[in-house]
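We're numbering straight along the sequence, starting at 1.
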Amino acid sequence: MNTLFIGQNRVELVTVNSTNNYALELAKTGRIADGTLVWAHEQTAGRGQRGNGWQSSPDLNITLSIILRPELDAYKQFYLTKAVSLGVKEFVEDLIGNSSEVRVKWPNDIYVGDKKIAGILIENILRGEQINTTVIGIGLNVNQCGFSADLKNVISLKLITGKTYDIKTGIDTLCEHIEPRYLQLKTNKHNLLDADYHKNLYRLDKLCEYEKDGTLFKATLIGVNGQGKLLLKLEKGETLSCDFKEVGFL
């Protein structure tokens, strides 16, 4: 594996409730190496954004968490989202060979067309006003072909390409895609992350339907502000900024 530190130290688990839970406990000891990866063959209670669960069949998908020491000002935390989202996005597009179909659905889901292939959960440990440690959980659908009936818009690499992938090789390659983006963050190349995250946003510049406080409306997604809030331009011309739990994509 061609990385400097991400994924070089690994904890492999047969089964665990949540790799993020396990990694957070490891991180709190303060003795774990930067870039340590916690990988589980089976995750029984995976967690996603907004308290959602993450469903995954044993040994068919990538379910892992990465422990990092970004030493990042807390107000810049959305750059972690940008860096990791772009790394995962680029991993997926390299395997399917169609970059135009792979997008980041704000804040950090990865979509192929209109279907979700990966979710990311970032949890931070603060020291004062800095992010001392972050745990990045990634669930990525690889070889699974059957999903619960209530999951209407999910897809996997195998459903797209018809190929079966080796999970360990996939994890290595994923680390190789995430590390360069994370190093851009560490070296303050924020302008690159801003530009690439913006141009890869799902629904960018498209008039679509959304829901907020029980009300349906149409708007054009025009970007994300410095605090990570979604910017929607309403049909009457005004701009609405929305936090993570304030707006739903329809």
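Donor-acceptor pairing under 3.5 Å is recorded for the side chains of Thr36 and Asn9. For Asn17 and Thr44, the side-chain atoms include no donor-acceptor pair closer than 3.5 Å. Judged by distance alone, the side chains of Tyr79 and Asp194 do bring a donor and an acceptor atom under 3.5 Å apart.
Hydrophobic clustering (ILVMFWY, side-chain heavy atoms < 4.5 Å, transitive): Tyr165 and Ile171 are in one cluster. Under the 4.5 Å side-chain contact rule for hydrophobic residues, Tyr75 and Leu193 do not share a cluster. Linking ILVMFWY side-chain heavy atoms closer than 4.5 Å, directly or via other members, places Ile167 and Ile66 in a single hydrophobic cluster. Hydrophobic clustering, with ILVMFWY side chains joined whenever heavy atoms are under 4.5 angstrom apart, groups Ile122 together with Leu183. Put simply, Leu95 and Met1 are part of two different groups of oily side chains (I, L, V, M, F, W, Y) that touch within less than 4.5 Å, one to the next.
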How far apart are the C-alpha atoms of Phe249 and Tyr111, what are their side-chain angles, what is the distance that settles it, and do they pass the side chain to side chain contact (heavy atoms under 4.5 Å, CB included) test? CA-CA 13 Å; Phe249 286 62; Tyr111 268 49; over 6 Å; no
Yes or no on side chain to side chain contact (heavy atoms under 4.5 Å, CB included) for Tyr202 and Asp109, after CA distance, side-chain angles and deciding distance? CA-CA 9 Å; Tyr202 173 69; Asp109 285 339; over 6 Å; no
Quick one: do Arg181 and Gln184 satisfy side-chain hydrogen bond (donor to acceptor under 3.5 Å, both in side chains)? Show the steps, please. CA-CA 5 Å; Arg181 287 298 188 175; Gln184 286 181 342; 3.0 Å; yes
Tell me, with the steps shown, if Val92 and Leu140 meet side chain to side chain contact (heavy atoms under 4.5 Å, CB included). CA-CA 9 Å; Val92 172; Leu140 197 150; 4.1 Å; yes
Apply side chain to side chain contact (heavy atoms under 4.5 Å, CB included) to the pair Leu240 and Tyr210, showing each step before the final yes or no. CA-CA 12 Å; Leu240 180 68; Tyr210 298 87; over 6 Å; no
Where do Asp34 and Arg69 land on the salt bridge (Lys or Arg N to Asp or Glu O under 4.0 Å) test, with the steps shown first? CA-CA 6 Å; Asp34 192 15; Arg69 313 285 189 190; 5.4 Å; no
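Within a 6.0 Å sphere centred on CG of Asn2, other residues, nucleotides and ligands contribute 12 heavy atoms or fewer. Around the NZ atom of Lys115, the shell of radius 6.0 Å holds no more than 12 heavy atoms that belong to other residues, nucleotides or ligands. Heavy-atom contacts from other residues, nucleotides or ligands closer than 6.0 Å to CD of Glu211 number more than 12.
Remark: Lys82 NZ to His190 NE2 distance equals 9.5 Å, nearest 0.5 Å. To the nearest 0.5 angstrom, Ile67 atom CD1 is 9.5 Å from Asn20 atom CG. Atom NZ in Lys105 sits 8.0 Å away from atom CG in Asn153 (nearest 0.5 Å). The distance from atom CD of Gln43 to atom OH of Tyr22, rounded to the nearest 0.5 Å, is 13.5 Å. Atom CG of residue Asn143 and atom NZ of residue Lys163 lie 12.5 Å apart, to the nearest 0.5 angstrom. Here the CG atom belonging to Asn200 is positioned 7.0 Å from the CD atom belonging to Glu93, to the nearest 0.5 angstrom.
A donor-acceptor contact shorter than 3.5 Å is absent between the side chain of Ser65 and the backbone of Val38. The main-chain N or O of Thr3 is found under 3.5 Å from a side-chain atom of Gln8 such that the two form a donor-acceptor pair. Not one N or O on the side chain of Asn124 forms a donor-acceptor pair closer than 3.5 Å with the backbone of Leu126. A donor-acceptor pair under 3.5 Å is absent between the side-chain atoms of Thr81 and the main chain of Asn108, judged by distance alone. Of the possible polar contacts, one joining the Glu179 side chain to the Ile6 backbone as a donor-acceptor pair under 3.5 Å is found. Of the possible donor and acceptor atoms, none in the side chain of Gln144 sits under 3.5 Å from a partner among the backbone N and O of Asn141.
Contact between Pro58 and Glu42 at its shortest, heavy atoms only, is CG-OE2, 3.6 Å. Across every non-hydrogen atom of Cys175 and Leu37, the tightest pair is SG-CD1, 3.4 Å. When every heavy atom of His198 is checked against every heavy atom of Ile222, the shortest pair comes out as CE1-O, 3.1 Å. Residue His41 comes nearest to Glu12 through the heavy atom pair NE2-OE2, 2.6 Å, listed as atom of the first residue, atom of the second, then distance. The shortest non-hydrogen separation linking Ile117 to Ser156 is CD1-C, 3.8 Å. Between Ser241 and Leu231 the shortest heavy-atom distance is CB-CD2, 3.7 Å.
Residues Leu24 and Ile125 have side chains in contact (heavy-atom distance under 4.5 Å, counting atoms from C-beta outward). Side-chain contact check for Ile110 versus Val104: some heavy-atom pair is nearer than 4.5 Å. Looking only at side-chain heavy atoms (C-beta outward), Leu174 and Leu64 come within less than 4.5 Å of each other. At a threshold of 4.5 Å between non-hydrogen side-chain atoms, the residues Leu68 and Phe5 count as touching. Using a 4.5 Å heavy-atom threshold, the side chains of Leu72 and Thr134 count as separate. You'll find the side chain of Lys158 reaches within 4.5 Å of the side chain of Thr164, heavy atoms only. At least one side-chain heavy atom of Ile120 sits less than 4.5 Å from a side-chain heavy atom of Ser85.
For Phe78 and Tyr197, the gap between ring centers is short of 6.0 Å.
Residues in residues 165-176 take part in these salt bridge (charged side-chain N to carboxylate O under 4.0 Å, His left out) pairs, two or more places apart or across chains: Arg10-Asp172.
The other residues sharing a hydrophobic cluster with Leu216 are Leu250, where clustering joins ILVMFWY side chains under 4.5 Å apart.
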